[in-house]
Structure formats: structure tokens, C-alpha cells
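Written below as C-alpha cells is the structure these notes are about.
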Amino acid sequence: MTSWDPHTKASKAIASATRIGGRALLGLEADKVARAYGIRVVKSALARSEKEAAFVAKDLGFPLALKVVSSDILHKSDVGGVKQGVDSVKGVKAAYAEILSNVRRARPNATVEGVLVQRMAPEGHEFVVGATRDQQFGPAVMFGLGGVYVELFRDVSFRLAPLTKKEALDMIDETRASRLLAGFRGSPPLDAGEVAETLVAVGKLITDLPEIDSVDVNPLFVYPKGVLAVDVRMILKKAVPS
Amino acid sequence: MSKKSDVDCFFSPKGVAIVGASQTPGKIGHEIVRNIKLSGFTGGVFPVNPNAETVLDLKCYRNISDVQAEVDLAVIAVPAGLVEGAVRDCVKKGVKGAIIITSGFSEVGDKGLEEKVVSLARPGLRIIGPNTFGVFYAGSRLNATFGPGKVLRGKTAFITQSGALGLALMDWTTEEKYGVSAIVSIGNKADVDDADLVEFFSRDPSTSSILIYMEGLRDGRKFFEASRRAVRKKPIVVIKAGRSARGAQAASSHTGSIAGQDAIFTAAFEQAGIMRAEGMTQAFDWIQALNENPAPKGENIVIVTNGGGLGVLATDRCELLGLKPAELSNDLKQEIQAITPSFGSVKNPVDLTANADDALYGKVLDLVLRRSDIDGVIALFCQTANIDPTLVAQAMLDARTRDALEKPIVAAFVGGHLSQVAYSRMLEKKFAVYPTAERAVDAMYALMARHRQLEHFKAGGGAA
């Protein structure tokens with residue numbers, strides 16, 4: 001297998017995460033696995049210094065969000081660990097310094113691994129794409145209205161994985177949220193084709209990788225052209241073979 | 001993975017042994033021998049019981065190994081404690097299939113005994129049950145059940161996880177004049193499961209549709225794969241009883257927690273092309289329509305009625321189910337206008353008004369059945385003071401005959417005694433007929449769902 005093979009790339013990312021004993025793949029690790037399967041994920045990079053932050057910023061483009069990375073800090077914004085709408089290299093350096101000093105002041109004992117520099121996604125309609133393993137039917141994929149509405153409306157549909165693009169389009173049609181995609185009240189139609197591709201990709205991912213128990217892509221921003229996964233989360237199975 | 005042919009022995013065996021055959025009428029081991037003997041089965045029948053010389057005039061054997069002839073099927077009806085020994089004897093004799101009638105296994109919590117029996121049987125002996133009332137198969141005239149002796153022959157294979165429901169249905173088939181090609185009481189599914197049977201019936205020439213009453217599955221994925229292959233050949237209708245929320249308990253993600261309950265079952269059925277009925281009435285309504293009609297070739301449905309109200313009810317139901325009553329073309333409207341009273345409405349529904357007699361029904365049905373821009377017909381009749389429903393029923397039957405079943409047609413007769421006579425007569429002639437307009441529309445919905453499935457397969461969709 002070549003390094004282009006998504007399974008190989010994803011497995012490397014999972015292996016590095018399991019070594020540090022995680023039960024979940026968060027942030028960059030989950031992004032890597034998702035990207036290996038062709039899922040369009042918002043661009044980001046980890047910076048360990050002001051200089052590194054400036055360097056990756058040039059590559060990512062603007063505007064950017066910066067977020068502290070520390071396993072000791074759960075609520076990043078409470079400690080001044082998040083800066084949004086940063087739109088210059090100078091601003092990135094300043095934001096990095098400010099985050100570190102805020103965190104040091106609020107949590108002097110926290111171990112800080114660095115700062116996540118993330119390209120800010122333009123506002124899009126929020127949908128959710130997920131995958132789970134059913135005891136009887138095995139891997140299955142979910143689609144629905146995203147963001148905070150997932151739990152509220154439960155406007156979701158399922159298909160067993162792997163699935164074809166046609167099956168993905170069918171499952172989109174089953175939800176009421178599909179009316180949003182078709183262009184609701186004069187807003188332009190959204191890119192249902194790319195949503196379907198994302199569902200197919202998540203289906204392939206969970207079929208290929210037995211280590212992964214479930215996947216949440218929430219929200220998936222959907223635009224008239226294209227989609228962007230803003231937050232990707234993967235839960236690993238309890239017993240992971242080393 | 002089971003071999004392609006290893007459940008065939010349950011349906012067309014060369015020789016059947018009944019282990020636990022009894023001389024006492026009313027006992028399960030007696031009723032099974034009687035049913036096999038009287039059902040017209042032409043293979044060998046060998047009662048086994050160490051304490052009897054004969055059962056129902058058939059020579060009785062001390063042990064299955066004493067039978068010289070080939071025995072490929074055994075029906076085991078001995079007490080639970082003796083099942084293990086009976087299975088060992090079957091394996092020694094080289095029997096290919098055993099139907100274990102005996103109960104007292106996993107259904108009462110004794111999973112260990114059940115697993116032991118299955119492991120003794122493997123790999124050469126397949127097992128249906130335990131805890132089953134048996135197997136009926138019209139193709140070989142084999143009634144290896146302790147149910148009613150008489151079962152009406154039809155086109156549907158019925159697989160049931162509930163014994164009581166299956167037994168009730170065996171009687172019901174004769175009463176309702178609606179037959180089956182097979183009934184399998186699948187019991188605890190210790191070995192042979194729904195997927196094995198779906199695979200068998202999909203290639204069984206005497207079966208044209210498969211109906212399953214299901215409470216749970218042991219291997220959902222296997223059933224899904226088998227069903228999605230089978231529906232390419234025959235429709236599958238499932239009545240699925242409640243599913244527990246167990247699957248959701250351990251879930252630690254959004255997707256996992258929402259996926260509980262029924263969502264995955266629903267999705268799997270949808271994806272495989274299984275038609276899920278809400279209950280028995282709907283399931284049989286669908287099966288009847290699917291068995292007696294070709295699938296429509298397109299989406300254009302016409303409703304013909306003698307009462308406006310019935311037409312409106314049918315139209316509402318169509319809308320709810322996503323069926324589209326066709327826009328009638330001008331020349332069709334003119335053709336109908338020429339033979340209907342001027343106060344009739346030439347729209348869809350075509351309202352022939354309360355004076356419509358059998359002759360008018362016949363003419364209008366001929367017109368719409370002949371049209372290439374009409375794909376299916378819903379014919380409705382509500383009883384009026386001066387028209388004999390049985391004559392209208394005959395007109396519908398004749399129209400269908402003249403059309404040679406090119407197009408699907410379903411009917412409803414609404415009214416009192418005479419309507420019921422008309423209804424029964426049509427049922428006897430295998431016409432998909434119902435007592436309400438809504439149920440006739442439901443039946444057409446099943447046909448349309450089948451049409452859409454077949455189109456999907458034609459376009460290269462679905463599993464290979």
C-alpha cells in the first residue's frame with residue numbers, strides 16, 4: 001500500500017492517538033483521519049511558538065481563529081484561550097502572545113502543548129453527518145440538521161455503510177432539512193452533491209477502520225458550492241489492538 | 001457462510017423421520033405424522049418411537065438408525081432432555097435437516113442447551129427451531145407441522161417468529177381463500193435464520209413473494225445482505241414487532257444515541273428494498289396486490305368510481321402516500337365523455353355517478369386499461385339502490401381478463417351483504433379487492449413501490 005491509501009494514512013493518525021492513551025480523536029488527529037478519506041475539513045495547524053504561528057498563518061490564509069491546546073483546559077474561552085477574526089501576520093503573533101499570557105495568569109499549573117491556528121469558515125448552513133456501529137447491523141451513517149438542533153428536532157436519517165452516492169441522496173431526501181438544501185424561501189440551493197459525497201466518505205471511513213466506534217461531524221457547513229467540516233470528533237473502541 | 005442448497009432438505013426431502021412419533025391422537029408427535037401422511041407427500045415417512053410397532057398404520061422404528069432408506073429430514077418432537085440424543089442419532093444417520101419442535105430452550109433462558117445442540121449438529125446437519133410448530137411447503141405437499149391439516153396453496157412464503165400467529169394464519173388461509181406457498185415457523189433461530197430462508201424462497205419457483213413476521217434478528221447484516229439480493233427477484237414484506245432501545249445505551253456520541261430504537265432497522269429495510277408493513281392487515285393487503293398484479297410500468301394512476309365521496313377519500317390517500325392520480329389527456333376525456341352521462345365529471349377520479357351499471361364499468365375500464373398513458377387502475381364501487389354489486393364485480397373481472405393482466409388493477413367494494421358477496425367472488429378469482437377505498441389505494445401504493453424498485457434496479461442501482 002502506498003502512503004496515498006486513506007486507510008494507511010488514517011491508521012497512522014489513530015495509532016499516534018492511541019499511544020497517548022486517548023479514547024477519542026480530537027482536533028488535529030480527527031481532522032487527519034477525515035482528510036485521508038477526502039472529507040473537506042476546515043484548515044488548521046498546531047503552533048508551538050509565535051514564530052511558528054506566523055509561519056502557518058501565511059499558509060492557511062485569513063481570517064483565523066487561535067485556540068489554546070491543553071488537556072488541562074476544558075473551557076478555552078473562559079480562560080481567555082480563544083481569539084477569533086485575526087486577519088494579519090502581526091495580529092497572529094499578538095494573539096499567540098496574548099493567549100499564552102492569559103492562560104498562564106488563569107491557570108499557572110496547566111501544561112500547554114501549543115496553540116491551534118484555524119482558518120475561520122465562512123458562515124454556512126449547519127448540518128450534521130455522523131457514523132455509528134449498530135450491534136445487529138454494523139456500521140451506519142447519519143445525516144440531519146446540525147448544530148444545536150440535532151438533539152432538539154432529531155430530524156435525521158440513517159443508512160447502513162458502505163453506501164452509494166444515490167443512497168446518500170435518498171437519505172438526505174428523507175429529512176425535512178432537505179428543503180433547506182433545495183433552497184428555502186428564496187435562498188440559493190445548497191450543494192447536496194457534496195453533502196452526499198461526505199456521507200459516502202464517512203461511510204467508507206467507518207467501514208475501513210474497525211478501531212473507530214463513532215464519528216460526529218458537527219457542524220458540517222454547507223454552501224451553495226462546497227461543504228466544510230468545522231468540528232470532527234471520533235470515539236475509539238475501548239479495546240484497541242496495539 | 002452456508003452453502004446454497006443446504007436448507008433445501010427442509011422443503012423437498014426424500015425421506016422424513018418423525019422422532020417422537022406417537023400413537024395417541026392429540027399429541028404433537030401424532031398430529032405431525034398424520035399431517036405428513038395426509039398432505040399428499042410422496043417421499044418416505046418413518047415414525048420413530050422405541051415403544052410402538054406402528055403409528056397411523058406406518059411401520060415404526062426403534063431408532064432413526066434402524067431406517068434402511070435415505071432420511072434427509074427429521075422432525076424432532078421428544079422432551080427437551082432427549083433432544084441432544086436425537087440430534088446425535090440424526091448426525092450418525094447422515095440426516096441433513098432437523099426441525100426441532102421441542103420447546104424449553106433459549107426462550108425460557110436455557111441458552112446453553114440450545115448452543116450445545118447446534119454445535120453437535122454442525123457442520124452437516126442444519127436445524128430449524130427449536131420451539132417451532134414446523135414447516136409447510138406446498139411445492140412437495142409436505143405438511144410437517146402440528147397445525148391444521150388443510151392449508152390452501154398460494155404464492156406467498158410466510159416466515160414467522162411467532163408460533164401462535166403462524167398457526168392462526170394456517171386456518172385463516174382456508175377461511176379467507178388466500179393461500180401460501182410455504183409456512184416456516186422459525187422458532188428460536190438457533191441455526192437456520194431469516195436470511196437463509198429468504199435466500200431459499202428467492203429462488204423457489206412456487207413462491208412469488210415473501211412475508212416475514214419478525215420480532216428480532218441475531219445477525220442484522222446477514223439478513224440485510226440476503227434481502228437486498230432477494231428483492232431483485234421477489235418483493236419482501238416484513239411485519240416488524242417492537243425493538244428495544246438496548247443498542248442506544250452504551251452510545252457515547254450524538255450519532256450513537258440518536259441511532260437507538262427503530263432508526264437503524266427502518267434504514268436497513270429501506271436500503272435493502274424491504275417493504276415494512278405496519279401490521280397484519282396492511283401486510284396481507286400488499287401481498288395480495290403484489291401477487292395478483294404486474295408492477296405498473298409508470299406512475300400514472302387513474303381512479304374510477306361511482307361515488308364522489310369515495311373518489312375524494314381515495315385521492316386524499318393517494319396524496320398522503322405520494323401516488324399521483326394522472327392528468328387525463330384530452331382524447332381520453334373525450335372517449336370517456338362519449339359513454340358517460342353528461343353530469344359525470346371527466347377528471348381523475350373518473351366519477352361515473354350513482355347510476356353506473358356493470359356495462360358502463362366494463363366499457364370505462366376497457367378504455368383506461370387500453371391506454372398507454374395510464375399505468376394502473378383503482379376501481380371503486382359503493383353500493384347503490386338499483387345496481388347489483390356482483391354484476392359490477394363480474395364486469396371488473398372480465399375487464400381484467402380482456403386486458404390479460406398487462407396493467408395492475410385493484411378494487412374496493414363498499415356496502416352491505418351484496419357488496420360482500422361481490423368481494424368474496426373477486427377474492428376467489430384472485431382479484432386484489434378490498435372493503436374500503438383507502439385499503440385499495442394502499443394496495444396500489446405497494447405496487448408503485450415495487451415499480452420504483454424495479455426501475456432503480458434497471459438503472460443499475462442496488463446491490464450486485
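As a basis for the values below, the full set of heavy atoms in this structure was taken, side chains included, without hydrogen atoms, waters or symmetry mates.
Atom NZ of A:K83 is surrounded by 12 or fewer heavy atoms from other residues, nucleotides or ligands within 6.0 Å. A 6.0 Å sphere centred on CD of A:E113 holds more than 12 heavy atoms belonging to other residues, nucleotides or ligands. Counting non-hydrogen atoms of neighbouring residues, nucleotides and ligands closer than 6.0 angstrom, the CZ atom of A:R176 reaches no more than 12 such neighbours.
Distance CD/B:E270 to CD/A:E167: 10.0 Å, rounded to 0.5 Å. Note: A:R133 CZ to B:I264 CD1 = 12.0 Å, rounded to the nearest 0.5 Å. With rounding to the nearest 0.5 Å, the separation of CD in B:Q271 from CE in A:M171 is 8.5 Å.
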Worksheet entry | Steps toward ring-ring contact (aromatic ring centres under 6.0 Å, His included) verdict (B:F223, A:F137) | CA-CA 9 Å; B:F223 177 69; A:F137 288 99; 7.8 Å; no
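B:R221 places a side-chain N or O within donor-acceptor distance of the main-chain N or O of A:P139, the cut-off being under 3.5 Å.
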